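The shown structure was predicted, so the numbers you read here are calculated from the model rather than taken from an experiment.
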Amino acid sequence: MEIYQHFREEERPFIDQVLSLQGNVEMRYQRKETDFLDPREQYIFSSLMGSHPNLQWALFGGGHQAERKRAIVAPEYESIESLDFSVSLLQTQYHDKFIHLEHRDVLGSFMSLGIKREKLGDLVVQNGLVQIIVAQEVSDYIKMNFTSIKKANVQFEEKSLDELIQSTEEWKTSDSTVSSLRLDVLLKEIYGVSRKKASMFIEAGHVKVNFRTVENPSYSLEAGDLLSVRGKGRSRLINVHGTTKKEKFKVTVAKLN
């Protein structure tokens with residue numbers, strides 16, 4: 001199909017899922033909900049859905065700042081509200097004077113439960129509190145089995161989404177021009193390192209694109225890609241605005257301070 005030309009080869013399975021979802025809702029006249037989508041998947045989903053004449057669709061992740069979101073696709077005559085999304089907010093406390101927890105500690109402990117990553121939305125670790133947005137269908141299992149993070153004993157309980165803590169993370173956004181959309185070129189621009197150093201990070205397996213390790217410096221990035229470099233934090237290629245007269249790419253990027 002011509003639509004595949006606009007996306008990466010490895011993104012075909014996800015594209016097929018979205019197209020199948022469209023067809024299923026059109027045929028059965030019954031709404032469907034996805035797991036949590038990362039920013040790149042949301043971009044693909046939105047691009048494929050567009051202004052579909054027979055369908056309604058929406059994204060929601062629990063709050064206005066949500067990075068990971070679930071999607072609902074419904075027949076055109078239905079409306080979609082935030083309350084329609086099957087998301088739950090779970091919260092626990094820990095003694096932050098004695099134990100230091102980070103985002104990766106919580107994520108690692110969650111993954112050890114054997115639940116797939118797509119059932120977890122955003123998570124916040126702040127001032128002795130851990131909040132996680134999860135798919136409602138696994139909420140009870142998590143409350144029963146998610147009882148420790150590092151050396152901290154925890155007990156998650158469900159809270160109203162109104163109690164969601166606003167993350168103190170700040171993304172610094174900037175516009176720039178780059179010679180190409182290669183991974184090593186974008187890392188050089190975003191993190192202020194040499195291109196050689198960027199390539200070393202990549203080849204050592206220290207760089208992830210959309211939560212997947214990429215070891216090829218020439219890997220081509222696209223709008224919506226979320227990047228992370230071990231020890232240097234996360235960043236995002238927000239948009240590609242075309243090229244300049246000198247055939248450089250005009251991009252908007254963001255880095256987590």
Side-chain angles (χ1 to χ4, degrees), residues 13-14 17-18 21 30-42 45 57-74 80-169 208-213 226 228 230 233-234 236 256:
F14 179 71
Q17 287 180 34
V18 177
L21 187 66
Q30 187 175 23
R31 65 172 56 194
K32 295 290 184 179
E33 185 173 17
T34 70
D35 286 332
F36 286 97
L37 309 179
D38 65 40
R40 175 61 183 172
E41 289 171 332
Q42 292 169 42
F45 176 86
W57 61 275
L59 296 160
F60 181 69
H64 298 298
Q65 295 180 331
E67 180 176 274
R68 296 174 61 81
K69 301 176 182 179
R70 299 190 83 166
I72 286 178
V73 180
I80 303 173
E81 308 293 338
S82 297
L83 292 176
D84 295 333
F85 287 84
S86 305
V87 300
S88 297
L89 170 62
L90 301 183
Q91 175 179 291
T92 191
Q93 294 179 304
Y94 67 96
H95 296 291
D96 57 342
K97 289 185 179 180
F98 307 106
I99 300 173
H100 177 67
L101 296 182
E102 297 182 357
H103 184 284
R104 62 184 177 183
D105 300 320
V106 179
L107 180 59
S109 296
F110 177 89
M111 297 301 292
S112 70
L113 297 176
I115 303 174
K116 64 180 183 177
R117 179 69 171 88
E118 290 80 8
K119 295 298 182 183
L120 175 67
D122 289 1
L123 65 89
V124 177
V125 183
Q126 193 171 296
N127 299 325
L129 288 178
V130 176
Q131 288 190 339
I132 56 176
I133 297 289
V134 301
Q136 279 182 2
E137 58 266 28
V138 297
S139 176
D140 288 342
Y141 179 85
I142 292 170
K143 286 187 289 184
M144 291 178 58
N145 295 280
F146 200 174
T147 56
S148 66
I149 305 172
K150 288 179 69 173
K151 296 181 179 180
N153 293 322
V154 297
Q155 183 65 57
F156 281 94
E157 58 180 355
E158 191 155 348
K159 296 288 185 179
S160 166
L161 288 175
D162 294 334
E163 298 181 59
L164 181 63
I165 299 171
Q166 296 301 314
S167 174
T168 56
E169 294 180 338
K208 291 185 178 181
V209 180
N210 299 325
F211 307 101
R212 302 172 184 87
T213 300
L226 182 68
S228 63
R230 189 182 303 173
R234 296 189 296 160
R236 185 183 298 158
L256 189 61

ask   = With the threshold set at 4.0 Å, does a side-chain nitrogen-carboxylate oxygen contact exist between Glu118 and Lys116?
value =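 The answer is no: the pair does not qualify as a salt bridge.
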inquiry  = Strictly below 4.0 Å, N to O, side chains only: are Glu33 and Arg31 in salt-bridge contact?
reply    =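 Looking at Glu33 and Arg31, the cut-off is not met.
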query = Does the cation-pi check pass for Arg68 over Phe211, that is, NZ or CZ under 6.0 Å from the six-membered ring centre and within 45° of its axis?
reply =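 Because its charged atom sits under 6.0 Å from the ring centre and within 45° of the axis, Arg68 does stack over Phe211.
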Please report the interatomic distance [atom1]([X]) to [atom2]([Y]), rounded to the nearest 0.5 Å.
| X | Y | atom1 | atom2 | value |
| --- | --- | --- | --- | --- |
| Thr213 | Lys208 | OG1 | NZ | 5.0 Å |
| Leu164 | Lys159 | CG | NZ | 13.0 Å |
| His95 | Asn153 | NE2 | CG | 9.5 Å |
| Leu129 | Tyr94 | CG | OH | 8.0 Å |
| Lys150 | Leu101 | NZ | CG | 6.0 Å |
| Asp122 | Ile165 | CG | CD1 | 12.5 Å |

How close do [X] and [Y] get, heavy atom to heavy atom, and via which atoms?
| X | Y | answer |
| --- | --- | --- |
| Ala135 | Phe36 | N-CE1, 3.5 Å |
| Glu158 | Leu90 | CA-CD2, 3.7 Å |
| Gly128 | Asp96 | N-OD2, 3.5 Å |
| Ile80 | Ala74 | CD1-CB, 4.1 Å |
| Ala58 | Phe85 | O-CZ, 3.6 Å |

Side-chain donor/acceptor of [X] to backbone N/O of [Y], under 3.5 Å:
| X | Y | value |
| --- | --- | --- |
| Arg104 | Leu107 | no |
| Glu41 | Phe14 | no |
| Gln42 | Leu37 | yes |
| Thr92 | Gln155 | yes |
| Ser86 | Gln136 | no |

Is there a side-chain contact between [X] and [Y], using heavy atoms and a 4.5 Å cut-off?
| X | Y | result |
| --- | --- | --- |
| Val134 | Tyr141 | no |
| Val154 | Val130 | no |
| Arg117 | Leu120 | yes |

Side chain to side chain contact (heavy atoms under 4.5 Å, CB included) between Leu226 and Glu67, intermediate numbers included = CA-CA 10 Å; Leu226 182 68; Glu67 180 176 274; 3.6 Å; yes
Results of side-chain contact (heavy atoms from CB on, under 4.5 Å) for Leu161 - residues two or more places apart only =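 Per chain and number, Leu161 pairs via side-chain contact (heavy atoms from CB on, under 4.5 Å) with Phe60, Val87, Leu89, Ile133.
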request  = Quick one: do Asp38 and Arg212 satisfy side chain to side chain contact (heavy atoms under 4.5 Å, CB included)? Show the steps, please.
outcome  = CA-CA 11 Å; Asp38 65 40; Arg212 302 172 184 87; 4.1 Å; yes
query = Do Ile132 and Ile142 pass the side chain to side chain contact (heavy atoms under 4.5 Å, CB included) test, and can you show the C-alpha distance, the side-chain angles, and the key distance before you say yes or no?
reply = CA-CA 10 Å; Ile132 56 176; Ile142 292 170; 4.2 Å; yes
task = Quick one: list whatever passes ring pair (Phe, Tyr, Trp, His ring centres under 6.0 Å) with Phe156, sequence neighbours left out.
result =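 Testing Phe156 for ring pair (Phe, Tyr, Trp, His ring centres under 6.0 Å), a comparison that skips the adjacent residues, returns Phe146.
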key: Sequence neighbours excluded - salt bridge (Lys or Arg N to Asp or Glu O under 4.0 Å) pairs with any residue from residues 123-140   =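 Only Arg70-Glu137, Lys119-Glu137, Asp140-Lys143 qualify under salt bridge (Lys or Arg N to Asp or Glu O under 4.0 Å).
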